[in-house]
Amino acid sequence: MGNPRVIYWFRTDLRLHDSPALKAALELNPEAFWPIWTWDPHYVYRARVGTNRWQFLLDCQNDLSSSITKLNKNSKLFLMREAPQTLFPKLFKAWKITHLVFEKDTDAYARDRDAEVKRAAEEAGVEVIIRSGRTLWDSDELAKKNHGKPTMSISQVQAAGPKIGKIPKPIPAPKSLPDPGEITLEFEQEPPEAKPDFNGSSRSQGDRSYERISGPSGDFAVPTMEELGFPAATSPHHGGETIALEMLDKIIANEKYTATFEKPNTAPTAFEPQATTLLSPHLHFGSLSVREFYWRVQGVVDNYTGTASQPPVSLTGQIFFRDMYFGAQAELGYSFGQTLYNSHCRFIPWHLPSKVDHETKLVTGDYHIDSPQAEEWFQRWKYGRTGFPWIDALMRQLRQEGWIHHLGRHAVACFLTRGGCYISWERGAEVFEEWLIDHETACNAGNWQWLSCTAFFAQFYRCYSPVAFPKKWDKEGKFVKRYVPELNELDSKYIYEPWKAPIADQKRAGVRIQGDGKVEQEGIYPKSMFDFNERRNICIDGMKKAYKIGLYGNDAKVIDGTWRKLFEGDAEGPTEGNTFVDAMGEEAGDDEKVQSDDDNREDRNGAVEEDERGAKEAGGENNEGGKRETKRKRGQGTLDAHVKISKR
DNA sequence: GGCGTGGTTGGTACA
DNA sequence: ATGTACCAACCACGC
């Protein structure tokens, strides 16, 4: 074998600093070195990616490409527009490749894809080098050290992680890069499977993603939004390693902030500047190394003279949660992203459940509209027209900017699922997947399960109030007024409950609180779509019952649909289900098609109301509960326990 | 195996 | 205004 001819395949690691895989590639001392990105149709068409995240990705690629060129004027990030599975076998031959190097990706789809590429490499006699670099600890190792089980609590991470070893110290960025070899393309492009296009609805012009392997100009350049068919992004947040490292520098320079950060004490209502670091999208795209972040923060903490905060609430603790979700995903695979077939996700008979293909055991991306009322609530939630200004402000910020504070995510997630609409967490996760610039499959699925009390967290009677909770952070309602400007002039005392404002106040503020929020109208803000406290109680009753029944996503009864019998008479269970035979089945027949909110649906009126009478006593059964009541008298919350202990 | 304790980030009533 | 007790009863963990 001659000298190494190496392809470095960038994917989850759009950076030069602290990249174990890049280091391994350069240690081969290559005679030719191609830094490439393959434009995978799976991401282009089958992942939900909104324009803000597209732009962020392009930012990262452009920054990386120019950083590569700074190290070697003959090199850059070469964008190859074809699926890696079909492209690599051709490249291996055409470029006489000896090594393929990339960072390990433990996402379920990525594992399948990489296994296929690896097989092709072996067939072509190409050595594949894979290094873990996306998390503090290798996610497979983490699960292994957690007795081979998915990491489902932060204490498991804190116990299992150190068993692997110390968190690796960051590796400096390379000072030079070898020349790329000649780039020949003496082969045909395999056209992508462009249907279905999950992002079709946001494309405003022709999609030229796959015009040629080397792009429209034939120069392997990073695409533009126009090429991809997208309108301009609206987010103020920008990608790229350069920006990420500058942001980190700024945070680190503020020693007190860095050392005393406590997530639960950061305001979800803060804007310009936000209360948290906003580094999450950079961690997602790898424009910031998670270990770089960890050790820079730890350095400040170690030298801090005051009392530093501790994991899990501290800045480093935030990263432990990320590793926890990656460790759970590493074990559970595809099932971690859905309820069905997920052994660790509780089954709750939510509205709008996912359709599932029982052959592949995967969700299809579509869902059942078991309740027109729930579908209406879902659309109003998604587009920020629930009539609860706190929820609407957050959802509008999310759509516009691609980022909202972690506690804001809690608030909208609780509201959609167990603390309001009783709609499947999977619906919410899909919206976040599309709109978040920091969307990380593992963290998104994990956090939605957390908030919906289907995994990780169980205290379902703790519900975020859309009124009391934001009041605690922002009495004036400045945050709401920024993102729901039609309420700008409204007296702050009504800002979280505008339906309570007297007509005179509404007039003075130039806004009328009326209507059902289905269509946007100048000078109108909708009435709240339900009585929150009423819904909260109904939801808690439903959760109680579902917990008592105790099914999980992989239970036979959940898979074959017989779970239904267990929930008969339940307020938020399948009360509508009498006419809805196969809630989880592959083809339930004549569901409505999922509609965009822009459709004008005139005639939804009488037929819509949901049967909520069944709320009567869903979980409040009999006397058996009474016996146990006398047994357990302690305060139920951590805080209470602390208070009691310290008082004694 | 039963028990006690704790759980990243709640809400409400009342002093 | 701020602090405290309670709400209704979950799971995970450790001994």
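Here the structure is a predicted model, which means the values were calculated and not measured. So you know, we letter chains A, B, ... as the sequences are listed, proteins then strands, and number each from 1.
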message: Closest-nucleotide mapping onto DNA chain C: is Phe460(A) or Ser155(A) further toward the 5' terminus? I mean the 5' end.
response: Phe460(A)
field: Electrostatic pair Asp138(A):Lys104(A) at N-O distance under 4.0 angstrom
entry: yes
- prompt: To the nearest angstrom, how far is Leu451(A) atom CG from dT8(B) atom P?
  reply: 14 Å
- prompt: Roughly how far apart, to the nearest Å, are dC11(C) and dG11(B) at atom P?
  reply: 22 Å
field: Sugar-phosphate, base or nothing in reach of Trp450(A), heavy atoms under 4.0 Å
entry: base
message: Please confirm whether the shortest side-chain N or O distance from Gln459(A) to OP1 or OP2 of dC7(C) is below 4.0 Å.
response: no
Lys/Arg-Asp/Glu bridge criterion (N-O < 4.0 Å) met for Arg48(A), Glu433(A): yes
Carboxylate-amine/guanidinium contact Glu440(A) Arg134(A), below 4.0 Å: yes
field: Nucleotide nearest Tyr547(A) when distance is taken to its side chain, options dG11(B), dA9(C), dC11(C)
entry: dC11(C)
- prompt: More than 12 heavy atoms of other residues, nucleotides or ligands under 6.0 Å from NZ of Lys163(A): is that the case?
  reply: yes
message: I need the NZ-P distance between Lys472(A) and dA13(B), as an integer number of Å.
response: 16 Å
field: Nucleotide dT9(B), atom P - distance to NZ of Lys471(A) in whole Å
entry: 23 Å
- request: Could you tell me whether Thr266(A) contacts a base, only the sugar-phosphate backbone, or nothing, with contacts defined as non-hydrogen atoms closer than 4.0 Å?
  value: nothing
message: Rounding to an integer number of angstrom, what distance separates dG14(C) and dG1(B) when you compare their C1' atoms?
response: 13 Å
task: Could you tell me the separation between the CZ atom of Phe456(A) and the P atom of dT9(B), rounded to a whole number of Å?
output: 15 Å
- request: Report yes if the ring of Phe321(A) lies under 5.5 Å from the six-membered base ring of dT8(B) with planes under 30°, and no otherwise.
  value: yes
field: Short side-chain N/O contact to dA9(C) OP1/OP2 from Lys544(A), under 4.0 Å
entry: yes
- prompt: Gln158(A) has an atom CD; how far is it from atom P of dG6(B), in whole Å?
  reply: 16 Å
statement: Lys149(A) atom NZ is separated from dC11(C) atom C1', nearest whole Å, by 16 Å
message: Ring-plane angle category for Phe479(A) and Phe271(A), please: parallel below 30°, perpendicular beyond 60°, tilted otherwise.
response: tilted
Residue Phe469(A), side-chain atoms from C-beta onward, closest of dA9(C), dG11(B), dT12(B): dG11(B)
message: Without decimals, in angstroms, what is the distance between Gln310(A) CD and dG7(B) P?
response: 13 Å
- prompt: Hey, what do you get for CG (Asn146(A)) to OG1 (Thr151(A)), rounding to the nearest 0.5 Å?
  reply: 6.0 Å
query: Quick one: which of dT8(B), dC11(C), dG11(B) gets closest to the side chain of Arg346(A)?
result: dC11(C)
task: Find the distance Phe415(A):CZ to dG10(B):C1' and express it as a whole number of Å.
output: 16 Å
- request: Go through the steps to decide whether Phe530(A) and Phe388(A) satisfy the test ring pair (Phe, Tyr, Trp, His ring centres under 6.0 Å), and finish with yes or no.
  value: CA-CA 9 Å; Phe530(A) 47 57; Phe388(A) 291 97; 5.8 Å; yes
message: Rounding to an integer number of angstrom, what distance separates dG6(B) and dA9(C) when you compare their C1' atoms?
response: 15 Å
- prompt: Where the side chain of Tyr461(A) is concerned, which of dA9(C), dT9(B), dT8(B) is the nearest nucleotide?
  reply: dA9(C)
field: Runs of at least three Watson-Crick or G-U pairs with DNA chain C, cut-off 3.5 Å
entry: B:2-7 with C:10-15, B:10-15 with C:2-7
- request: Assert yes or no for the condition that the ring centre distance of Phe456(A) to Tyr325(A) is strictly below 6.0 Å.
  value: yes
Selection from dA9(C), dT8(B), dG11(B) that lies nearest to any side-chain heavy atom of Gln318(A): dT8(B)
